[in-house]
Amino acid sequence: DVKVTQSSRYLVKRTGEKVFLECVQDMDHENMFWYRQDPGLGLRLIYFSYDVKMKEKGDIPEGYSVSREKKERFSLILESASTNQTSMYLCASSDGTYYSNQPQHFGDGTRLSIL
Amino acid sequence: SQQGEEDPQALSIQEGENATMNCSYKTSINNLQWYRQNSGRGLVHLILIRSNEREKHSGRLRVTLDTSKKSSSLLITASRAADTASYFCATDKNTDKLIFGTGTRLQVFP
């Protein structure tokens, strides 16, 4: 089974801090994704990556950046955390070169609180 | 606005009953996927149905797709308490990114 591991289940940070969320997948998938999930808004795509060192903006990239130095690892960075970034963050991976015709495999999420 | 929207927002049934959830979308799609999310966990992929398919089965799950009505349904037969979760549809909106709906919360009472 594909395993996507997010480094923390719960994280509490302060406004203005630089925050790193880490995600590792063990199935050699080309594609990796970061979403945030908020009540009533569903999942929204922040960034995705289809190869090492490649990244594409999703629907809500403002205030975030990403890093993919190795194929198995995809990091989400909050440059200067703000309270409106309090959310559940979900990492996912998928195989193949066309994202929407493959299932995505999700980690268990990081519930981030910015105080 | 959301590409896929699930209906109903919440559903409560007894064990053994069938549960039906619907997903409507606005623009043409190549594929539609259904996912389940248990409370506090990540999403788990259930079924992918392509635009040229009308029905797909997986165990107790049955998914239909009607591209003329731009809608899909997920049927869970003989529901169990363990089926309690949120269920999401995801469509590709003619791009290669998935767009998720806001989900249907299913509660199955023993």
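Per chain, numbering begins at 1; letters A, B, ... match sequence-line order. Quick caveat, the model's predicted, so the values are computed rather than measured.
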If we ignore angles and hydrogens, is there a donor and acceptor under 3.5 Å between the side chains of B:Thr102 and B:Gln9?
no
Grouping I, L, V, M, F, W and Y whenever their side-chain heavy atoms are under 4.5 Å apart, do A:Met27 and B:Val44 come out in a common cluster?
no
Flag the one option from B:Gly103, B:Gly42, B:Gly40, B:Ser86 with the top tally of heavy-atom pairs under 4.5 Å to chain A.
B:Gly42
Of all residues at least two apart in sequence or in a different chain, which pass the side-chain contact (heavy atoms from CB on, under 4.5 Å) check with B:Glu53?
B:Ile49, B:Arg50, B:Lys56
B:Leu48 versus chain A, the contacting section by heavy-atom distance below 4.5 Å
side chain
Are A:Tyr89 and A:Phe106 grouped together when hydrophobic residues (ILVMFWY) are joined by side-chain heavy atoms under 4.5 angstrom apart?
no
Interface residues of residues 8-16 of chain A facing chain B - heavy atom cut-off under 4.5 Å
A:Arg9
Side chain, backbone, both or neither: which part of B:Gln37 has an atom under 4.5 Å from a heavy atom of chain A?
side chain
Taking only residues two or more places apart in sequence, or in another chain, which ones meet B:Arg54 in a side-chain contact (heavy atoms from CB on, under 4.5 Å)?
B:Thr67
Is A:Gln6 in contact with chain B via its backbone, its side chain, both, or neither, using a 4.5 Å heavy-atom distance?
neither
Testing the 3.5 Å rule here: is there a donor-acceptor pair between the side chains of A:Ser75 and A:Glu22?
yes
Honestly curious: do B:Leu46 and B:Leu65 fall in one hydrophobic cluster under the side-chain, below-4.5 Å linking rule?
yes
Going by disulfide bond (SG atoms under 2.5 Å apart), name the pairs with one or both residues in residues 15-69 of chain B, residues two or more places apart or in two chains.
B:Cys23-B:Cys89
